[in-house]
Every structure is written in structure tokens, then in C-alpha cells.
S.K.: 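Have a look at the structure that comes next, please.
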Amino acid sequence: MLQLATLRNNTELVKERLAVKNFKEINLVDDIIALDDERRKLTFGYDETKAKINAASKEIGQFMSMGQKEEAASRKKDVESYKNALNPIQENLEAVEKQLNDLLIRLPNLPSDLVPKGKTPEDNEIVRTGGTKPELYKGAVPHWDLAKKYDLIDFELGNKVTGSGFPFYKGKGAKLQRALIQYFLEFNTQAGYTEYMPPLMVNEASAYGTGQLPDKEGQMYHVTVDNLYLIPTAEVPVTNIYRDVILKEADLPVKLTAYTPCFRREAGSYGKDVRGLNRLHQFDKVEVVQLVHPDKSYETLEEMVAHVEKLIQTLGLHYRILRLCGGDMSFTSALTYDFEVYSAAQEKWLEVSSVSNFEAYQTNRMKIRYKDANGKSQLVHSLNGSSLALPRILAALLENNQDENGIKLPVALQGYFGGEMI
RNA sequence: GGUGAGGUGGAUGAGUGGCUGAAAUCAACGGUUUGCUAAACCGUCGUAGGGCCUUAAAGCUCUACCGAGGGUUCGAAUCCCUCCCUCACCGCCA
């Protein structure tokens with residue numbers, strides 16, 4: 001969530017930035033500041049009254065030990081009247097604090113200056129395009145046909161055993177998944193990321209920390225008997241490792257990577273967009289997360305974009321990088337770059353990575369801080385990105401590299417896969 | 001899942017109703033000493049939210065926090081209740 005100090009000190013700027021994100025309830029900003037004024041007033045009253053009670057209690061103890069019962073009894077009466085005054089203040093204060101928090105979490109992160117204005121995906125800015133557009137041979141088919149032809153993925157079997165959106169990978173298909181995961185993790189750890197293998201379910205506090213709750217509750221699978229959520233991305237458990245932690249400045253940057261399956265309910269999706277591997281309820285992804293000094297986060301964002309770009313290049317895919325416009329970026333992000341690869345047989349761009357700087361929006365919720373040179377605690381900035389999401393990469397690899405002899409794998413993968421061709 | 005013992009600051013650990021926001025030790029940080037390192041010595045050393053003061057920083061002061069939430073009491077780390085977690089043993093088990 002945004003910091004109160006930001007709202008108070010830069011009120012007009014905050015409103016302008018929120019408008020870029022097409023946020024409708026700009027008046028919330030003023031409401032929040034008014035509530036905070038109220039909170040301060042009540043806090044002042046509460047603290048003063050409580051101080052009187054504490055002082056009187058101390059005196060009572062002294063009177064008692066000296067055997068001055070009457071004085072003690074008289075001070076007890078005072079305490080009683082202080083308490084009568086305190087109760088309504090306390091109730092008000094609790095109500096105001098709750099309300100303040102409820103409003104505060106409804107404000108999205110502020111988009112950075114670099115975010116293009118706009119409302120829909122058409123308004124996203126294409127930063128650059130790379131790789132070469134593949135030329136397909138005449139008999140080229142989409143990946144779902146290739147999956148069947150080479151017996152790589154069984155969608156129907158997934159329907160039978162679980163439901164749609166939960167495919168079985170099989171034979172060389174399964175092996176290729178394993179090779180991709182292994183390759184991506186190697187690529188990340190060699191760039192200095194520490195590998196984790198996190199739990200696949202998280203508690204409420206963690207889901208709240210990264211912003212999945214309370215807004216996107218419907219997007220996660222909820223195990224109600226134990227009140228746990230299946231993770232929609234490794235970002236959730238991995239970023240929460242540092243929840244409520246105060247780091248040393250020398251510990252920064254913290255660089256983390258993890259492979260996990262990801263679970264998404266994606267209610268409301270339909271049609272050709274969900275065909276084959278394009279959109280699944282369970283898919284595999286390797287994620288990278290960084291916690292960095294606030295002065296460095298945009299530099300780090302560029303570094304992460306370059307990292308993901310290099311990885312995609314080694315796979316020989318035709319790709320483009322988009323800078324998301326205000327209307328298309330996520331609630332919690334300040335600046336997001338999406339990576340799309342070209343899926344030649346579908347003739348479609350598929351999103352395979354999303355790299356974002358959240359600045360202090362997530363870390364304010366999670367209280368991830370560092371101690372600066374003056375010994376003061378400051379929020380770190382958090383960033384994350386996919387490096388990479390597997391299904392759509394797989395789709396593009398299969399489609400773009402097919403010919404009459406089979407599917408030729410990029411050199412970078414051959415060692416991990418143990419062969420050149422499918 | 002059952003029984004028992006516990007959860008105190010970065011770590012160990014003292015603290016069973018007021019003098020405890022918390023001893024002591026270790027770690028960490030700053031300094032003195034010193035060819036270097038080590039040792040010794042001195043000092044600092046939780047977080048958050050208010051108020052005063054200040055251009056600001058600093059400083060002063062108040063409030064809250066000893067797993068979480070409630071309760072008893074003039075007063076709770078300390079007593080009571082609920083929940084969570086850890087450890088030990090038993091049961092079950094990849």
C-alpha cells in the first residue's frame with residue numbers, strides 16, 4: 001500500500017498519478033488524509049488519558065506500600081473517571097484505524113513517470129522487438145496439434161482426471177518441461193539469484209502481503225478447511241520470506257529465484273484464448289524476485305529486463321517488449337514490462353514474462369525494511385519477473401521450430417533435454 | 001491425532017503483580033590501544049505511532065508492543081481463557 005507520508009506530502013502529485021492509472025475514486029486521497037487527521041487527534045487523546053491512568057496507578061502502588069489507604073482509594077476513583085473518558089476514545093480510534101486501513105488498501109500503486117497514458121492493451125508501448133520472425137513450412141500446425149502428433153501433452157486426460165486447464169505432459173513433452181525448468185534455474189542462479197523451493201500453499205497473511213488479498217481473492221484456489229491458498233505465482237511465498245524483516249544495507253540487493261507450479265482460477269476466461277497451452281489453471285513458472293535499495297530499483301528493473309531478454313534470445317524466439325500503459329498494468333505495480341513471444345502457427349503474440357517494479361508498495365504491506373547509514377529503517381523496493389513461464393514458451397518453441405522431420409530444439413536446451421529433435 | 005514442556009530484544013537467557021521496555025552474556029556497530037591480526041578497554045545497540053521544539057537534523061516527552069487475540073486488576077512479560085507455533089515422547093505415514 002502507499003505510505004501515508006506520500007499522500008500527505010505530495011497530495012496533488014498523487015492524484016495526478018492515480019489518474020494515469022485510470023483510477024476512478026481519486027477523492028479517496030482526501031478522505032484518507034481527513035481520516036488520518038482524525039486518527040491523530042484521537043491518538044493524542046488516547047495517549048494523554050492513558051498517561052494519566054499509568055501515573056495514577058503508579059501512585060496507588062506507592063500509597064499502598066506506605067499504608068495510605070485513603071489516598072489510594074481516592075486515586076482509584078480518579079482512574080475510574082479517566083477510564084470512562086478513555087473508552088469512547090478507544091472505540092473511535094479503533095474504528096478510524098480500521099477504516100483508514102480499508103481505504104488505504106483500495107489505492108493502487110502510483111505509476112512511474114515512464115508509464116504511457118492509456119486504457120487498453122492497444123495503448124501499450126512497444127519498446128523493442130527482437131529475434132527473427134520464423135518462416136513456417138507448408139504443413140505447419142498449431143501446438144495443440146503438434147502435442148497430439150508427437151504425444152507430448154494430453155489435454156483430454158487432464159479433463160478426465162482433474163478438469164480443463166490441467167493438462168498431462170507426457171514422454172518427451174514431460175522431459176522438455178523438466179529441461180526448461182532446469183535451464184531457466186541455471187540461467188538465473190548463474191546471474192546471482194539464490195534458488196528456493198517454496199511451499200505451494202500460503203496462509204492469509206502472505207497472500208495479503210503481496211496483494212493477492214483482499215482484491216484478487218477469486219483468482220486463487222482456496223483450501224478452506226485449513227484456510228490456505230494455492231499460490232498463483234512463486235512471487236507470493238518467495239517475497240514473503242522477508243516479511244517483517246529489517247535487512248542490513250550491505251545485504252542488498254537480495255536476489256531470489258524459484259520454480260513452482262502456479263495455480264489460477266481465471267474465472268471468466270473463454271474462447272480461443274484458452275486453447276491449448278495459452279491459458280491454464282495449473283502451469284509451471286520460474287520466477288525471479290529482487291529486494292533492493294530504493295535508489296536502485298529502476299536500474300534493477302532494466303537489469304532484470306535485460307536478463308529475461310537474454311534468456312529469450314538464447315531460445316531463438318521472436319519477441320517484443322512492451323511497456324504497459326496505465327490502464328493495463330497491475331494494481332500493485334509502478335512500472336511493468338511485458339515480454340511476448342511470437343507463436344508462429346497461431347500467428348499470435350503470447351505473454352511469457354512480466355517484469356515489474358513495485359517500489360515500496362508491497363514492502364510497505366510486508367514491512368520489509370533496511371537500516372540506512374543513519375540507523376533509520378526505510379522500506380526497500382521489491383521487483384519481480386517471470387524467467388520464464390513455461391507453457392507459452394513451449395507453444396512457441398513447438399510451433400516455430402517444426403518442419404517435416406520433427407521439432408528442432410534450440411542449442412541452449414539440447415544438453416538439458418538430451419537430444420536435438422522431437 | 002494424543003500426552004507433557006515451552007514461546008521474552010540479532011542469539012543465549014533472567015524475570016510469578018508496581019522499583020522491568022525488560023538483568024547478564026554473546027554477536028553487531030563506533031572508538032582507544034596496536035607493525036598486522038587477535039586480545040583488552042570505553043561507548044552505542046528493539047520497533048512503531050503521537051506531542052513539544054527545530055527551516056531541518058538532533059533533542060525532550062508520552063503511548064503501544066515480551067507468539068496472536070480476549071479477560072481479571074488501580075496496575076500484567078508475570079494471573080485466567082481461546083487460538084497459533086516449537087520441542088520431547090507416543091500413534092500414523094511418503
Side-chain angles (χ1 to χ4, degrees), chain A residues 1-10 32-105 197 199-209 213 223-229 237 240-252 254 261 291 360 363-380:
Chain A
M1 68 181 90
L2 295 173
Q3 293 169 265
L4 271 170
T6 311
L7 302 193
R8 296 194 77 101
N9 299 336
N10 303 296
I32 286 168
I33 291 172
L35 265 177
D36 188 46
D37 289 337
E38 182 70 13
R39 190 199 110 239
R40 290 187 188 202
K41 232 191 282 175
L42 289 165
T43 302
F44 182 73
Y46 178 89
D47 286 355
E48 282 218 310
T49 314
K50 204 66 208 281
K52 284 187 201 165
I53 292 173
N54 290 345
S57 298
K58 210 167 210 175
E59 284 177 42
I60 290 167
Q62 284 158 0
F63 285 134
M64 299 287 269
S65 67
M66 290 187 290
Q68 293 171 282
K69 286 196 177 156
E70 279 169 34
E71 286 84 345
S74 131
R75 294 303 273 141
K76 278 194 197 182
K77 272 211 158 135
D78 292 341
V79 171
E80 203 183 320
S81 75
Y82 297 148
K83 277 191 154 178
N84 288 335
L86 187 69
N87 285 334
I89 298 177
Q90 187 172 353
E91 278 169 31
N92 265 332
L93 182 59
E94 279 166 12
V96 165
E97 278 178 342
K98 184 180 181 310
Q99 208 184 339
L100 183 60
N101 190 55
D102 287 350
L103 292 190
L104 210 45
I105 58 176
M197 206 181 253
L200 305 183
M201 290 196 259
V202 294
N203 58 29
E204 237 175 302
S206 296
Y208 178 84
L213 293 180
V223 182
T224 50
V225 273
D226 296 303
N227 198 24
L228 296 172
Y229 294 86
N240 272 283
I241 292 170
Y242 286 93
R243 172 152 49 88
D244 293 318
V245 168
I246 301 179
L247 292 151
K248 292 188 198 117
E249 195 165 350
D251 294 335
L252 302 176
V254 173
L291 302 174
T363 56
N364 189 32
R365 276 196 188 190
M366 283 187 274
K367 299 284 170 276
I368 305 179
R369 292 162 291 180
Y370 75 99
K371 267 215 163 89
D372 68 16
N374 301 321
K376 285 192 99 177
S377 301
Q378 308 273 6
L379 296 169
V380 303

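Numbers restart at 1 for each chain; the letters A, B, ... are given by sequence-line order, proteins then strands.
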S.K.: Write down the partner of B:U82 under the Watson-Crick or G-U wobble criteria, each distance required to be under 3.5 Å.
M.R.: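 WC or wobble partner is B:A68.
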
S.K.: Write down the distance separating the C1' atoms in B:G7 and B:C66, rounded off to the nearest Å.
M.R.: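 Comparing C1' positions in B:G7 and B:C66 gives a spacing of 10 Å.
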
S.K.: Applying a 4.0 Å non-hydrogen cut-off, can you work out what A:A51 is touching in the nucleic acid: base, sugar-phosphate, or nothing?
M.R.: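 Here A:A51 touches the backbone only, sparing every base.
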
S.K.: Check side-chain hydrogen bond (donor to acceptor under 3.5 Å, both in side chains) between A:N203 and all other residues, then give those that pass, not counting sequence neighbours.
M.R.: A:S206

S.K.: Say you pick atom C1' in B:U33 and the same atom in B:A38; how far apart are they, in whole Å?
M.R.: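 It comes out at 13 Å once rounded to the nearest Å.
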
S.K.: Using atom C1' in both nucleotides, what's the gap between B:U73 and B:C81 to the nearest angstrom?
M.R.: 16 Å

S.K.: Counting only Watson-Crick or G-U wobble pairs whose two distances fall under 3.5 Å, which nucleotide matches B:A56?
M.R.: none

S.K.: Write out all pairs satisfying side-chain hydrogen bond (donor to acceptor under 3.5 Å, both in side chains) with one or both partners inside residues 69-88 of chain A, taking only residues at least two apart or from two chains.
M.R.: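 The answer is A:E59-A:R75, A:R75-A:D78.
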
S.K.: Across all strands, who's sitting opposite B:U25 as a Watson-Crick or G-U wobble pair, both distances under 3.5 Å?
M.R.: B:A11

S.K.: Within residues 72-105 of chain A, find the residues that approach RNA chain B with a heavy atom at under 4.0 Å, and present them sorted by residue number.
M.R.: A:K76, A:V79, A:K83

S.K.: Who passes salt bridge (Lys or Arg N to Asp or Glu O under 4.0 Å) against A:D37, sequence neighbours left out?
M.R.: A:R8

S.K.: Quick one: on RNA chain B, does A:L4 or A:I60 contact a more 5' nucleotide (nearest heavy atom)?
M.R.: A:L4

S.K.: When rounded to the nearest Å, what value does the distance between P atoms of B:A22 and B:C80 take?
M.R.: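 Pairwise P distance, B:A22 against B:C80, rounds to 25 Å.
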
S.K.: Using the P atom as the reference point in each nucleotide, state the distance between B:G15 and B:G67 in Å, no decimals.
M.R.: 16 Å

S.K.: Which heavy atom of A:L200 sits nearest a heavy atom of A:P261, and at what distance?
M.R.: CD2-CD, 3.8 Å

S.K.: Return the nucleotide paired to B:G18: Watson-Crick means purine N1 to pyrimidine N3 with N6-O4 or O6-N4, wobble means G-U with N1-O2 and O6-N3, both under 3.5 Å.
M.R.: B:C74

S.K.: What pairs with A:N227 under side-chain hydrogen bond (donor to acceptor under 3.5 Å, both in side chains), at least two apart in sequence or on another chain?
M.R.: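 Partners of A:N227 by the side-chain hydrogen bond (donor to acceptor under 3.5 Å, both in side chains) criterion, ordered by chain and then number, come out as A:E204, A:H222.
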
S.K.: Under 4.0 Å, counting only non-hydrogen atoms across every strand here, what does A:S65 touch: a base, just sugar-phosphate, or nothing?
M.R.: nothing

S.K.: Suppose you measure atom P in B:A76 against the same atom in B:G18; what distance do you get, rounded to whole Å?
M.R.: 11 Å

S.K.: Would you kindly compare A:R40 and A:K52 by the position of their nearest RNA chain B nucleotide and give the one closer to the 5′ end?
M.R.: A:R40

S.K.: Say we look at B:A56 and B:G51: how far apart would their P atoms be, to the nearest angstrom?
M.R.: 14 Å

S.K.: Which nucleotide, in any strand shown, forms a Watson-Crick or G-U wobble pair with B:U63, with both distances under 3.5 Å?
M.R.: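 Pairing partner: B:A48.
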
S.K.: Would A:E48 and A:I89 count as a side-chain contact (heavy atoms from CB on, under 4.5 Å) here? Give the steps.
M.R.: CA-CA 11 Å; A:E48 282 218 310; A:I89 298 177; over 6 Å; no

S.K.: Which atom pairs, donor and acceptor, lie under 3.5 Å between side-chain atoms of residues 363-371 of chain A and protein residues at least two apart or in another chain?
M.R.:
unit_1	atom_1	unit_2	atom_2	d
A:T363	OG1	A:A360	O	3.3
A:T363	OG1	A:V380	O	2.6
A:N364	OD1	A:K367	NZ	3.4
A:N364	ND2	A:M1	O	2.9
A:N364	ND2	A:L2	O	3.3
A:R365	NH1	A:Y208	O	2.8
A:R365	NH1	A:L213	O	3.0
A:K367	NZ	A:N364	O	2.5
A:Y370	OH	A:H293	NE2	3.1

S.K.: Using a 4.0 Å cut-off to any heavy atom of chain A, which nucleotides of RNA chain B are the first and last in contact, reading 5' to 3'?
M.R.: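 Listing 5' to 3', RNA chain B meets chain A from B:G18 to B:G75.
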
S.K.: Classify the nucleic acid contact of A:K371 as base, sugar-phosphate or nothing, counting any heavy atom under 4.0 Å across all strands shown.
M.R.: sugar-phosphate

S.K.: My understanding is that only residues two or more places apart in sequence, or in another chain, count here; which of them pass salt bridge (Lys or Arg N to Asp or Glu O under 4.0 Å) with A:R40?
M.R.: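 Checked A:R40 against salt bridge (Lys or Arg N to Asp or Glu O under 4.0 Å); matches are A:D36.
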
S.K.: For atom P, what is the distance between B:U55 and B:G10, given to the nearest Å?
M.R.: 36 Å

S.K.: Once side chain to side chain contact (heavy atoms under 4.5 Å, CB included) is applied, do any residues pair with A:E38, and if so which ones, sequence neighbours excluded?
M.R.: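 Listed in chain order: A:K41, A:L42, A:V96.
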
S.K.: Look through every strand shown and name the nucleotide pairing with B:A88 as Watson-Crick or G-U wobble, where both distances are under 3.5 Å.
M.R.: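 B:U3 is the nucleotide pairing with B:A88.
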
S.K.: Quick one, A:L379 with A:Q3, criterion side-chain contact (heavy atoms from CB on, under 4.5 Å). Give me CA distance, side-chain angles, the key distance, then yes/no.
M.R.: CA-CA 10 Å; A:L379 296 169; A:Q3 293 169 265; 3.4 Å; yes

S.K.: Now, which nucleotide makes the Watson-Crick or G-U wobble pair with B:A40, with each of the two distances under 3.5 Å?
M.R.: B:U32

